[in-house]
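Structure, as structure tokens:
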Amino acid sequence: MREKLLERRFTAGKKRYRKRGFLLLFAAVLCLQAGCGENQETQNKFSKYLNQVFRTEITASTLNMHYSLAHPENYGIVDYTVTYGNVTVDSGNEAAAVLENWKENLEKFDKGELSTSQKMTYDIMMDYIQKEIPSGKFNLYGEILKPSTGIQSQLPVLLAEYIFYDEKDIEDYLKLLSCTSDLFSQIMEVEKVKAEKGLFMADFAVEDVVIQCDNFIQDTENNYLLSTFEQRVDEADFLTPEQRENYKQRNRQAVKEELIPAYRKLAEDLSLLKGSGRNTGGLCGLEDGKEYYEYLVTDTTGSSMSVEEMQRQTERQRKQDLEDLAQIAGKYPDIGQKSVNYQLPTEEPGEILSDLQNKMQQDFPSPPKVSFSVKEVHPSLEEYTAPAFYLTPPIDDISQNCIYINRAKGDEKLQLYTTLAHEGFPGHLYQNVMERSCGLEPIRSLFGSSGYVEGWATYVEMQSYYYADVDKAVAAFLQKNQSALLSLYASADMGIHYDGWSLKDTIDFFGKYQIKDKNTIKKIYQLIVEEPAHYLKYYVGYLEFLNLREYATNKYKEDYSDYKFHSALMRMGAAPFDILKKYLPEYWET
């Protein structure tokens, strides 16, 4: 359960994720000034309890703690064990015990005496507890070694971006490298149990993970965790030249003798289990798999809609988008050619992000001044890394923001523009710095919803088409096309995992929309099998923001504006959509 709670929303662009299950990794935080409550003593006690839980959970993974806190000592954290966290078959039982304890302690507080912000935190925690306690029986259904968003894929980037604030951070980093072999061994013990119970991954997924590991270790002498470490150490002004050289030597030894062998052994051990997977299709092919998918969809999207309701709304939105596309094409017969031949003033990422910051001001409140960098994904990770992703900064230092671009995935022109809107402004970067500058309880960084995070980024990505300096008909045509395309992936996700679509069914489905390349569809099918509910966090999250905006428009009528709507959302922070709707009136500025 700590693995689940302390998962960072390591927002990996078009393949961003929030993992369920065994390992804790990533997170993000939000903000809002706590309002005046009925009872200050109760509020103080509640904050004290929340901070106690936060300290316990955040120290369960050093990697997660480091990405969450630049200065843990300011949160009373001075003594901790360096660890990735534990990966065990019994984590579901352990989680249930912790959650029951949380529930018992929360119920001791009179919710009516809490501030508005605290009431929202209370509801978020209770909602999480009530949904997670029954899910323990699905402990072995989640997969930690997913080809696109698994730990083996994410870990190299997280290590490469591990900031050294002081010498203790360097020592922790080197210890983590030494812990990697044990981490992978724990994961493989779980994988063996999954294989025994018929829950192991399909052979094509094994092959993808093994190839990914092989790519990472193929050039030992030039592994990028050597060069990135040396650069960070050279920039550490708290070290002497002798200390720098010593740390470089230790890192080279750890990478070559511990980290790379750990990846090699993981690939070898995983290969030995090839052929153990009994299910090569959707989750509904497993015993209780359909029930697990329903849980996973709710957990991933933050939506209270049933899968059937999601399917219906997805189909309605796609129908509307296709009708809009036909209308645009009817009015502008040359729109197809225009949508290929248009030009943008620049394709330089920094200039695009500056342009987005200027264009968004009429619809979004201004963010605090922060710095950011744009980097390119290392060649060894290009094949299995998203087109772009954003690394969330610590909750106590929002100055460090990094967006990665995967040039191998070919983003260019308006696709690059909207991708940077998704990752930067007014997407993930904006959302994080806005929420983290408003003073929410630190524990809020452990909760939230991937559907909120990815839905928000998709929602503003759709809006960013109209910020670009292109003909508005072209912008509308490309935006409607992108929305419709995402809806196809979402429908395929639900069709494969909930309705049991075969590869042939999936080919037939895409064929209805004139997508007929069988090899491409096969890759889509396999990706969806490997990453269940992945596309729903984007598309269903996007739909839920449209639903919430419609609710606000109808409720506030002439007092409604996108600016007010977006301001309220940023002050509330990430949460399940029902809770956002419940508290929206409390945060609406008249």
Side-chain angles (χ1 to χ4, degrees), residues 1 3-4 7-8 10 12 15-26 84-92 95 132 135-155 183-213 263 266-267 269-300 384-386 450 493 496-498 523-537:
M1 188 258 339
E3 291 81 10
K4 172 88 177 282
E7 261 181 271
R8 259 185 109 58
F10 171 66
K15 293 185 180 178
R16 200 170 278 99
Y17 81 109
R18 178 175 182 264
K19 282 182 41 19
R20 193 233 178 251
F22 314 111
L23 187 68
L24 50 148
L25 280 180
F26 328 120
Y84 285 115
N86 293 320
V87 182
T88 68
V89 173
D90 298 325
S91 62
E132 284 301 308
S135 73
K137 62 182 179 180
F138 299 128
N139 187 48
L140 290 173
Y141 283 70
E143 180 53 67
I144 196 169
L145 298 175
K146 292 182 286 191
S148 296
T149 61
I151 174 60
Q152 83 292 338
S153 171
Q154 308 297 332
L155 185 58
L183 167 66
F184 287 171
S185 295
Q186 291 181 48
I187 292 172
M188 284 311 305
E189 288 303 310
V190 173
E191 295 294 348
K192 290 174 185 176
V193 175
K194 286 164 63 78
E196 292 170 3
K197 295 182 178 296
L199 298 173
F200 188 64
M201 68 183 77
D203 283 358
F204 58 77
V206 174
E207 292 168 1
D208 285 344
V209 175
V210 169
I211 291 171
Q212 187 178 56
C213 291
Y263 267 85
L266 177 65
D269 290 346
L270 202 60
S271 295
L272 293 175
L273 292 179
K274 189 175 178 181
S276 301
R278 302 174 194 171
N279 180 45
T280 59
L283 288 172
C284 60
L286 300 172
E287 183 179 356
D288 298 324
K290 193 167 185 176
E291 183 184 356
Y292 169 65
Y293 183 66
E294 290 175 319
Y295 154 76
L296 183 64
V297 167
T298 298
D299 175 69
T300 300
Y384 290 96
T385 302
S450 291
D493 194 308
I496 291 167
H497 290 290
Y498 191 73
K523 290 179 182 178
I524 294 170
Y525 178 82
Q526 291 182 346
L527 174 61
I528 290 174
V529 169
E530 294 167 348
E531 307 262 355
H534 174 72
Y535 286 108
L536 301 190
K537 70 184 79 168

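Note that the structure is a prediction, hence the values are computed from the model and not measured.
Residues K192 and L273 form a side-chain contact, since some pair of their non-hydrogen atoms from C-beta on lies under 4.5 Å apart. Two residues are said to be in side-chain contact when any heavy atoms from C-beta on lie closer than 4.5 Å; L266 and L145 meet this criterion. Two residues are said to be in side-chain contact when any heavy atoms from C-beta on lie closer than 4.5 Å; S153 and T149 fail this criterion. Residues L199 and L286 have side chains in contact (heavy-atom distance under 4.5 Å, counting atoms from C-beta outward). Looking only at side-chain heavy atoms (C-beta outward), Y292 and K137 stay at 4.5 Å or farther from each other.
Counting only distance, with no hydrogens or angles, the side chain of D269 and the backbone of L272 share no donor-acceptor pair below 3.5 Å. With hydrogens and angles disregarded, no donor-acceptor distance shorter than 3.5 Å links the side chain of D493 to the backbone of I528. Checked by atom type and distance alone, the side chain of E531 pairs as donor or acceptor with a backbone atom of S148 at under 3.5 Å. Side chain of S271 to backbone of A267: a donor-acceptor contact under 3.5 angstrom is found. Not a single donor-acceptor pair under 3.5 Å links the side chain of T280 to the backbone N or O of A202.
Note: D203 CG to D208 CG = 11.0 Å, rounded to the nearest 0.5 Å. Here the straight-line distance linking atom CZ of F184 with atom CG of L155 works out to 5.5 Å at 0.5 Å rounding.
When all heavy atoms of Q152 and K146 are compared, the pair lying nearest together is NE2-O, 2.8 Å. Minimum heavy-atom separation, V529 to G281: CG1-O, 3.4 Å. Of all heavy-atom pairs between E143 and K194, the closest is OE1-CE, 3.2 Å. Closest non-hydrogen pair, L140 versus V193, comes out as CD1-CG1, 3.9 Å. Across A205 and E530, no two heavy atoms sit closer than the pair CA-OE2, 3.3 Å. Across all non-hydrogen atoms, the minimal contact from F138 to D288 is CE2-O, 3.9 Å.
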query = Taking it one step at a time, do T300 and H534 satisfy side-chain contact (heavy atoms from CB on, under 4.5 Å)?
reply = CA-CA 8 Å; T300 300; H534 174 72; over 6 Å; no

query = Hey, mind stepping through V190 and I144 against side-chain contact (heavy atoms from CB on, under 4.5 Å) and telling me if it holds?
reply = CA-CA 10 Å; V190 173; I144 196 169; over 6 Å; no

Full working for side-chain contact (heavy atoms from CB on, under 4.5 Å) between L270 and K274 = CA-CA 7 Å; L270 202 60; K274 189 175 178 181; over 6 Å; no

inquiry  = M201 vs E191, test: side-chain contact (heavy atoms from CB on, under 4.5 Å). Steps then yes/no.
reply    = CA-CA 9 Å; M201 68 183 77; E191 295 294 348; 4.3 Å; yes

request  = Let me see the working for Y141 and Y293 under ring pair (Phe, Tyr, Trp, His ring centres under 6.0 Å), right down to the final yes or no.
outcome  = CA-CA 9 Å; Y141 283 70; Y293 183 66; over 10 Å; no

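Scanning for ring pair (Phe, Tyr, Trp, His ring centres under 6.0 Å) contacts around F200 gives an empty result, with sequence neighbours left out. Taking K290 as the reference, nothing meets the salt bridge (Lys or Arg N to Asp or Glu O under 4.0 Å) condition, with sequence neighbours excluded.
Side chains of Y295 and E132: a donor on one and an acceptor on the other come within 3.5 Å.
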